[in-house]
> 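My questions will all concern the structure given below.
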Amino acid sequence: MKIIDVKKDVLSKNDEIAAGIRGKLKDKGILALNFISSPGSGKTTLLVKTIEDLKSRIPIAVIEGDQQTDNDAKRIAATGVPVIQINTQSSCHLDAAMVEGALEKLGFVGPGLLFIENVGNLVCPASYDLGEEMKVALVSVTEGEDKPVKYPKAFRSSSAMVITKTDLLPHLDLDMARLLDYSTKVNPALKVFHLSAKSGDGLDDWYGFLLSMYHSLNP
Amino acid sequence: MHEMSVAMSIVDIAVSQLKESDAARVLKVNVAVGELSGVEASAVEFCYSACARGTAAEGSELVIERVAARAVCPECSCEFHPEHSLAICPQCGDFGGKIVSGEELYVDQISVE
Ligand SMILES: Nc1nc2c(ncn2[C@@H]2O[C@H](COP(=O)(O)OP(=O)(O)O)[C@@H](O)[C@H]2O)c(=O)[nH]1
Ligand SMILES: [Mg+2]
Ligand SMILES: [Zn+2]
Ligand SMILES: [Zn+2]
C-alpha cells in the first residue's frame with residue numbers, strides 16, 4: 001500500500017473548467033453575469049425586462065438553470081433572444097461543465113451580454129464559479145433584512161446586489177437601512193441597485209452599469 | 001442534491017491521482033471538510049460508495065477529517081468559534097472576523113495499491 005499526498009480542492013475541476021470558459025468569453029467580448037437569489041426574487045422578470053430594453057443595442061443570450069421546468073426559458077425565448085435551458089434535475093446549482101455544454105449548444109459568437117440565471121438558492125451557487133465576470137445577487141423587498149447575514153457567502157462572492165420589487169415598499173415594513181447595513185458589513189465592495197421591473201424605477205442605473213461594463217470590455 | 005456532486009468530484013480526483021501513479025486501485029480517500037464548507041459530511045459519506053461503484057475507487061473507504069471553524073477578530077484580536085461564515089465577534093460584536101479555518105473542502109491524501 002502507498003499513500004499519495006493530494007491536497008486538491010474538491011471544486012478544483014469546476015474551477016479549471018470555469019477558467020477555460022472565462023478565457024473564451026473574454027476573447028469573444030462576451031460579458032457574462034451569473035444571477036443568484038432565492039426562488040421568486042425576480043431574476044427572470046428582471047432579465048426579460050432588461051432584454052426587452054437593451055436587445056436593440058447589444059446582442060444578448062441567456063442560459064437558464066432550473067431544476068424541472070422550462071417555464072423561465074419560455075419567458076426568455078418570447079423576447080426573441082437565444083436561450084438554452086439546463087435542467088439540473090436533482091442538482092441544486094449550475095456547475096461550470098453544464099455551462100460549457102450549454103455554451104456549445106448556444107453558439108453565441110459575441111460580442112454581447114450573457115445572462116446566466118442560476119438555480120434559485122443562495123447556498124451552493126455561491127461556491128461554483130461558472131466563468132462569469134461577476135455574480136449578481138438579487139433580494140426582493142419582501143424577503144426581509146437579513147438575507148446577507150444568513151447567506152454571507154452568496155453576498156461575498158457577488159460584486160453587485162440588486163434589491164428588487166421596490167414598487168412593493170409602501171406595503172411593507174422593510175427596514176432598508178438595516179438591509180444596507182448588513183450587506184455592507186458582509187461585503188463593503190458590493191455595488192447596490194434598487195429597482196422595480198414592474199414600475200421601471202431604478203432600471204436606468206442598472207442599465208448604465210451593464211453598458212459601462214460592456215463597453216469597458218469592448219472599447 | 002449537492003452532496004452527490006461533491007462525492008462525485010472526490011471520486012474523480014482520487015481516480016485521476018491514481019492514474020498518475022503505478023497503482024491499480026484506491027483503498028482509502030481522506031477528505032478534509034470544514035465546518036463552514038456548507039457540505040454535510042454524513043451526506044457525502046452516504047453517497048460516496050454509490051459514486052465510486054464501477055470506478056477504480058470502488059469499495060474504497062472514505063475518511064472525513066472534520067475541520068473546526070476558527071476566526072480572529074480584527075478589532076480586539078480575540079480568537080473565537082464562529083457560528084457560520086459570517087464571523088461576528090462575541091466580545092466586541094464586530095462583523096469582520098477573519099475565518100482562519102473551517103472553510104476547507106479538499107482531498108487530503110489517498111491510499112492506493
Ligand atoms: N410587484 C412586483 N413583482 C415582481 C417584480 N419582479 C418580479 N415580480 C414577481 O415575483 C414573482 C417571481 O418572479 P420571477 O422573476 O419568476 O423570480 P425568479 O424565481 O427569481 O426568477 C413573479 O410573480 C413576478 O411577477 C417587481 O418588480 N414588482
Ligand atoms: Mg426564474
Ligand atoms: Zn448545489
Ligand atoms: Zn472583537
Side-chain angles (χ1 to χ4, degrees), chain A residues 1-18 36 65 67 86 88-98 118-119 121-130 145-157 178 180-190, chain B residues 1-34 36-40 44 47 60-61 63-64 82-89 93-97 99 103-113:
Chain A
M1 190 181 86
K2 194 170 96 183
I3 290 174
I4 302 174
D5 205 31
V6 181
K7 300 271 187 298
K8 206 163 174 175
D9 205 281
V10 169
L11 297 178
S12 55
K13 178 84 178 290
N14 183 79
D15 294 345
E16 281 162 28
I17 299 172
I36 62 175
Q67 279 185 299
I86 302 174
T88 58
Q89 305 290 356
S90 59
S91 180
C92 38
H93 57 267
L94 291 178
D95 66 33
M98 296 175 192
N118 218 313
V119 180
N121 133 30
L122 280 171
V123 186
C124 41
S127 302
Y128 286 82
D129 184 0
L130 305 181
E145 298 86 10
D146 56 4
K147 279 276 151 78
V149 283
K150 273 191 186 147
Y151 304 97
K153 210 166 175 182
F155 293 85
R156 236 176 237 153
S157 65
R178 195 144 128 218
L180 296 174
D181 181 46
Y182 281 154
S183 63
T184 313
K185 277 175 171 157
V186 168
N187 181 358
L190 208 54
Chain B
M1 94 199 204
H2 189 65
E3 276 73 15
M4 190 74 180
S5 59
V6 168
M8 241 128 76
S9 302
I10 293 170
V11 172
D12 283 348
I13 290 172
V15 170
S16 69
Q17 292 288 318
L18 174 79
K19 280 187 188 141
E20 287 172 24
S21 75
D22 51 7
R25 64 189 194 105
V26 179
L27 300 175
K28 190 163 89 175
V29 180
N30 291 59
V31 179
V33 178
L36 305 175
S37 65
V39 169
E40 192 67 58
V44 176
C47 39
S60 63
E61 181 194 357
V63 179
I64 292 192
E83 291 304 322
H84 46 72
S85 68
L86 181 68
I88 304 173
C89 174
D94 191 89
F95 274 57
I99 309 266
E103 289 184 321
E104 299 78 359
L105 183 60
Y106 64 90
V107 177
D108 189 8
Q109 57 181 42
I110 59 173
S111 308
V112 298
E113 73 169 7

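Naming convention: chains lettered A, B, ... in sequence-line order (proteins, then strands); numbering from 1 in each chain. The analysis underlying the following values was restricted to heavy atoms, covering all of them including side chains, and did not include hydrogens, waters or symmetry mates.
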> Can you give me the closest heavy-atom contact between B/Ser111 and A/Ile3, atom names plus distance?
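B/Ser111 and A/Ile3 have their closest heavy atoms at OG-CG1, 3.8 Å.
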> Go through the steps to decide whether A/Met1 and B/Val112 satisfy the test side-chain contact (heavy atoms from CB on, under 4.5 Å), and finish with yes or no.
CA-CA 6 Å; A/Met1 190 181 86; B/Val112 298; over 6 Å; no
> If you measure from OG1 on A/Thr184 to CZ on B/Phe95, what distance do you get to the nearest 0.5 Å?
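Between atom OG1 of A/Thr184 and atom CZ of B/Phe95 there are 10.5 Å.
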> What part of A/Tyr182 is in contact with chain B, defined as an atom under 4.5 angstrom from a non-hydrogen atom: side chain, backbone, both or neither?
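Just the side chain, heavy atoms under 4.5 Å.
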> Please identify, among B/Lys28, B/Glu113, B/Gln17, the residue contributing the most non-hydrogen atom pairs under 4.5 Å to chain A.
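Answer, by heavy-atom pair count under 4.5 Å with chain A: B/Gln17.
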> Tell me, do A/Lys2 and B/Asp22 make a side-chain contact under 4.5 Å, heavy atoms counted?
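Heavy-atom side-chain distance check passes, below 4.5 Å.
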> Show the nearest heavy-atom pair for residues B/Ser37 and A/Lys153, with the distance to one decimal.
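So the two residues come closest at O-NZ, 4.3 Å.
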> Please flag which part of B/Ile13 lies under 4.5 Å from any non-hydrogen atom of chain A: side chain, backbone, both or neither.
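For B/Ile13, side-chain heavy atoms alone lie under 4.5 Å from chain A.
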> Measure the spacing between SG of A/Cys92 and CD of B/Glu3 and express it to the nearest 0.5 Å.
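Going from the SG atom of A/Cys92 to the CD atom of B/Glu3 covers 7.5 Å.
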> Rounded to the nearest 0.5 Å, how far does CG of B/Asp12 lie from CG of A/Asn14?
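Result: 11.5 Å between the selected atoms.
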> Quick one: closest heavy-atom pair of A/Tyr128 and B/Val6, and the distance?
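That would be OH-CG2, 4.3 Å.
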> Against chain B, label A/Phe155 side chain, backbone, both or neither, depending on which of its atoms sit under 4.5 Å from a heavy atom there.
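When you check distances to chain B, no heavy atom of A/Phe155 falls under 4.5 Å.
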> Rounded to the nearest 0.5 Å, what separation is found between the CG atom of A/Asp95 and the OG atom of B/Ser9?
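Answer rounded to 0.5 Å: 8.0 Å.
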> Sort B/Ile110 into side chain, backbone, both or neither according to what part of it lies under 4.5 angstrom from a heavy atom of chain A.
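Both backbone and side chain.
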> Do you know the tightest heavy-atom contact between A/Ile4 and B/Ser21?
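In terms of heavy atoms, the two residues are closest at CD1-CB, 3.7 Å.
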> When you look at CD of A/Glu16, are more than 12 heavy atoms from neighbouring residues, nucleotides or ligands closer to it than 6.0 Å?
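Counting neighbours around CD of A/Glu16, more than 12 heavy atoms of other residues, nucleotides or ligands fall under 6.0 Å, so yes.
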> When rounded to the nearest 0.5 angstrom, what distance separates NZ in A/Lys13 from OG in B/Ser16?
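Atom-to-atom, A/Lys13:NZ and B/Ser16:OG are 7.5 Å apart.
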> Looking at every heavy atom in both A/Val186 and B/Leu86, which two are closest together, and how far apart are they?
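It is CG2-CD1, 3.7 Å.
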> Indicate yes or no: does B/Asp108 engage A/Lys8 in a salt bridge with an N to O separation below 4.0 Å.
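Between A/Lys8 and B/Asp108 there is no salt bridge, as every charged N stays at least 4.0 Å from the carboxylate O atoms.
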> Is it the backbone or the side chain of A/Val149 that comes under 4.5 Å from a heavy atom of chain B, or both, or neither?
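Interface part for A/Val149: both.
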> A/Lys7 versus B/Val107: any side-chain heavy-atom pair under 4.5 Å?
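Result no, sub-4.5 Å side-chain heavy-atom pair not found.
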> Answer with side chain, backbone, both or neither: which region of A/Ser127 has an atom nearer than 4.5 Å to a non-hydrogen atom of chain B?
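When you check distances to chain B, no heavy atom of A/Ser127 falls under 4.5 Å.
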